[in-house]
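Naming convention: chains lettered A, B, ... in sequence-line order (proteins, then strands); numbering from 1 in each chain. Every heavy atom of this structure was used, including side-chain atoms; hydrogens, water molecules and symmetry mates were not. Nothing here was measured: the structure is a model prediction, and the numbers come from that model.
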Number of protein chains: 2
Amino acid sequence: MHSVWADDQQREPSVEQPDGTRRRATIHDVAKLAGVSRQTVSRAVNDKGEIDPATKERVLEAARLLDYRPSRFARGMVRKGTVTTGLVIPDLMNPFFPEVAAGVLEAAEQRGWQVVMWDSRIDEAREQDALDVLSHQADAIVGYFKSPDDVLARHLGGVPLVLLERGPQQTRFAAVGIDAAAGLAQGMAHLVGAGHRRIGMLDGVHGPGPRRGAFLQQARRYGLPVDESWITLCAEHSVAGGEAGMEQLLDARPDITAVFGFNDLIAVGAMRAARRRGRRVPEDLAVLGFDGLSLGELVEPALSTLHIDKRRLGRLAVEQVARLHSGAEPLRGAEAWVVPELVVRASA
Amino acid sequence: MHSVWADDQQREPSVEQPDGTRRRATIHDVAKLAGVSRQTVSRAVNDKGEIDPATKERVLEAARLLDYRPSRFARGMVRKGTVTTGLVIPDLMNPFFPEVAAGVLEAAEQRGWQVVMWDSRIDEAREQDALDVLSHQADAIVGYFKSPDDVLARHLGGVPLVLLERGPQQTRFAAVGIDAAAGLAQGMAHLVGAGHRRIGMLDGVHGPGPRRGAFLQQARRYGLPVDESWITLCAEHSVAGGEAGMEQLLDARPDITAVFGFNDLIAVGAMRAARRRGRRVPEDLAVLGFDGLSLGELVEPALSTLHIDKRRLGRLAVEQVARLHSGAEPLRGAEAWVVPELVVRASA
DNA sequence: TGGGGGCCCGTGAGCGTTCACGTGAACGTT
DNA sequence: AACGTTCACGTGAACGCTCACGGGCCCCCA
């Protein structure tokens with residue numbers, strides 16, 4: 001069976017107007033061409049009952065001829081219930097975020113919601129552009145944002161927002177967080193248990209955050225000779241960033257025996273840089289990551305890491321949106337946190 | 001400065017109706033509360049001119065009180081120009097696709113378009129669900145689809161479609177393809193140039209496609225003792241799939257000296273399986289991938305691969321959409337193809 | 001022969017905005 | 001004193017669709 005659709009859909013506008021310009025066909029155009037009323041056209045395209053099969057076919061033929069497609073706006077006006085949420089991701093190249101996105105998409109699909117996605121590329125200005133646009137087009141927004149609360153509020157225009165990876169004390173918006181403290185408790189226990197006391201950290205670009213805080217807290221707890229000077233900032237959250245950071249850290253603290261990376265990418269970079277400097281991993285230097293990317297299993301040696309369930313993070317965020325949407329109180333505290341789980345492989 | 005927004009936005013509906021139920025506030029509610037006309041409210045929220053600063057403030061205050069947000073549907077009705085395209089990705093866990101998506105998002109953002117995303121998870125039914133939904137909500141759709149043209153057309157309802165990675169001879173829709181032939185010409189030349197003649201292939205789940213075709217063509221060209229029996233299908237496009245496939249291929253053809261993987265993930269799996277079997281890579285077995293994922297640089301040995309510019313692929317797809325949208329002829333042939341580039345690293 | 005009940009189909013209203021006007025007041029100009 | 005201008009704001013219409021009706025028509029049974 002040859003379908004007319006596939007051929008006709010390539011040309012865009014379809015109805016000639018008095019002034020010569022072309023315009024998308026409306027339900028009225030179809031009705032006129034088929035010699036019926038708008039309502040009958042509506043019945044045909046939405047295949048509801050109460051229509052003669054013959055006229056239905058005639059109407060559909062007319063619709064095909066005019067390349068008619070119902071306006072989603074007009075439809076949305078009268079049929080309530082299409083929910084769209086915006087999703088703002090900082091960096092699609094970092095394998096962490098696609099997985100979070102997958103969780104969001106999965107949960108959204110289950111609820112019959114749609115997700116319009118935006119890549120802020122770790123740029124604060126683009127992040128605000130995202131808000132400006134999405135606040136007009138979405139019923140709620142979830143995502144990663146660097147901007148402070150008041151800036152967000154200004155660009156939000158009253159649209160509900162769910163922040164990813166911010167603790168309740170860090171924002172007055174609804175949020176879904178990662179329990180860095182619980183994660184580092186496991187991680188540091190493991191490192192210390194293996195005899196390490198001189199432990200460095202490669203922190204992310206944003207500087208002091210929960211992960212660094214938890215790291216220092218654990219260091220104090222075990223009485224390690226570790227303070228801020230054992231921490232190096234990486235210029236970017238990538239393997240290259242980790243390599244550069246590690247070079248720097250090794251210069252500053254040549255005597256470290258273990259290093260904790262802000263995320264797996266950085267940790268992998270750290271391993272590479274260390275080996276280039278002639279240090280064996282894990283014998284001379286243990287490396288612990290954070291995130292649990294699947295690429296950690298692929299590198300040599302396999303990366304020990306604090307694994308977090310990224311899909312769950314995304315699903316939780318959608319859950320939060322649902323609560324805001326229904327007027328319920330958003331989850332606060334432990335329910336809205338995902339706690340990392342130590343995965344011991346070869347690197348530490 | 002304390003913003004009212006951030007607090008109020010948490011509760012959802014706002015206007016009490018005669019029957020007791022609650023309803024989202026409309027521009028009319030705000031107008032009534034502020035004691036002005038709809039038009040003045042419109043002027044205030046869109047901050048256009050011709051309004052007294054004092055009344056503007058009064059109106060905005062009323063809007064805040066009612067948690068008023070303009071309906072995107074009503075707006076879309078009267079203000080034309082918001083373009084939304086649907087993006088259907090088969091598997092967000094495969095690092096290849098997020099990068100394509102990044103290209104799509106980038107190009108869409110430049111044009112001021114929005115992208116609603118859908119993860120079909122390599123499921124043909126979900127793929128059609130995606131079409132059913134997106135055909136109602138998007139002005140065009142781009143993505144990966146397994147379904148044949150006529151099925152697609154049936155679920156498309158006339159919405160323009162741009163297929164990713166299908167050659168012009170494989171579909172009557174607009175498409176953006178990968179020049180597998182050109183890629184494999186480089187790849188096989190390299191392998192043969194290194195002395196290999198017994199070359200196997202780990203193909204993807206979908207069976208015979210352009211990559212396999214090009215592989216066999218090159219094998220014939222060089223007169224290699226290679227036919228379909230040197231090809232093993234992998235159950236999934238993942239490292240695990242590649243490992244399993246490689247086991248099988250080594251059983252069937254223990255004498256191969258090189259193998260070409262359908263994609264990098266499979267190729268990495270192949271390397272791992274081969275090494276587990278005691279074969280050194282590349283000395284005993286050369287491995288060549290396809291895709292150019294950045295994780296290829298991270299594994300041991302680093303993966304040689306046919307690199308493709310995935311972002312460009314995404315950008316091209318948006319370009320195609322733009323053409324369809326403007327009524328122009330879509331790109332056909334070479335302009336709509338991205339050609340792989342051989343990147344020689346350690347594995348081959 | 002009248003009336004009840006399916007079937008098809010059309011009509012008006014309304015969804016929430018914005019746009020193109022129109023209006024009245026205040027002010028300055030000749 | 002009459003008139004044009006500017007400013008601040010309001011009024012009807014239109015956007016494209018669906019929903020709740022209402023109205024013919026034909027058939028069947030009393």
Q) Which comes earlier along DNA chain D counting from the 5' end, the contact point of T40(B) or that of T26(A), where each point is its nearest nucleotide? A) T40(B)

**Q.** Interatomic distance where CD belongs to Q39(A) and C1' belongs to dC19(D) [whole Å]
**A.** 7 Å

Q: Could you tell me the separation between the CZ atom of R79(A) and the P atom of dG16(C), rounded to a whole number of Å?
A: 16 Å

Q. Looking only at side chains, do T82(B) and Q137(A) share a donor and an acceptor under 3.5 Å apart?
A. no

Q) To the nearest angstrom, how far is M77(B) atom CE from dG14(C) atom P? A) 17 Å

(Q) By nearest heavy atom, map K80(B) and V36(B) onto DNA chain D; which one lands nearer the 5' end? (A) V36(B)

Q) Does E319(B) come within less than 4.0 Å of R312(B), counting only side-chain N to carboxylate O? A) no

Q. Looking at dG12(D), does its base get a donor-acceptor pair with the side chain of R38(B) below 3.5 Å?
A. yes

Q | Length of the line joining N46(A):CG and dG16(D):P, which is rounded to integer Å | A | 17 Å

Q) In a check of side chain to side chain contact (heavy atoms under 4.5 Å, CB included) between V115(B) and each of V142(B), V318(B), V104(B), which one passes? A) V104(B)

Q) Can you find a donor-acceptor N/O pair under 3.5 angstrom joining the side chain of R69(A) to the base of dG16(D)? A) no

(Q) Any salt bridge linking D139(B) with R69(A)? Criterion: basic side-chain nitrogen under 4.0 Å from a carboxylate oxygen. (A) no

Q. To the nearest angstrom, how far is R75(A) atom CZ from dC17(D) atom C1'?
A. 8 Å

(Q) I'd like to know if R24(B) reaches the base of dG16(C) with its side chain such that a donor and an acceptor end up less than 3.5 angstrom apart. (A) no

(Q) With a cut-off of less than 4.0 Å, is there a side-chain N or O of S37(A) near OP1 or OP2 of dC9(C)? (A) no

Q.
Heavy atoms only, 4.0 Å cut-off, all strands: where does K48(A) land among base, sugar-phosphate and nothing?
A. sugar-phosphate

Q) Per the atom types in the model, does the base of dC9(C) pair as donor or acceptor with the side chain of E50(A) at under 3.5 Å? A) yes

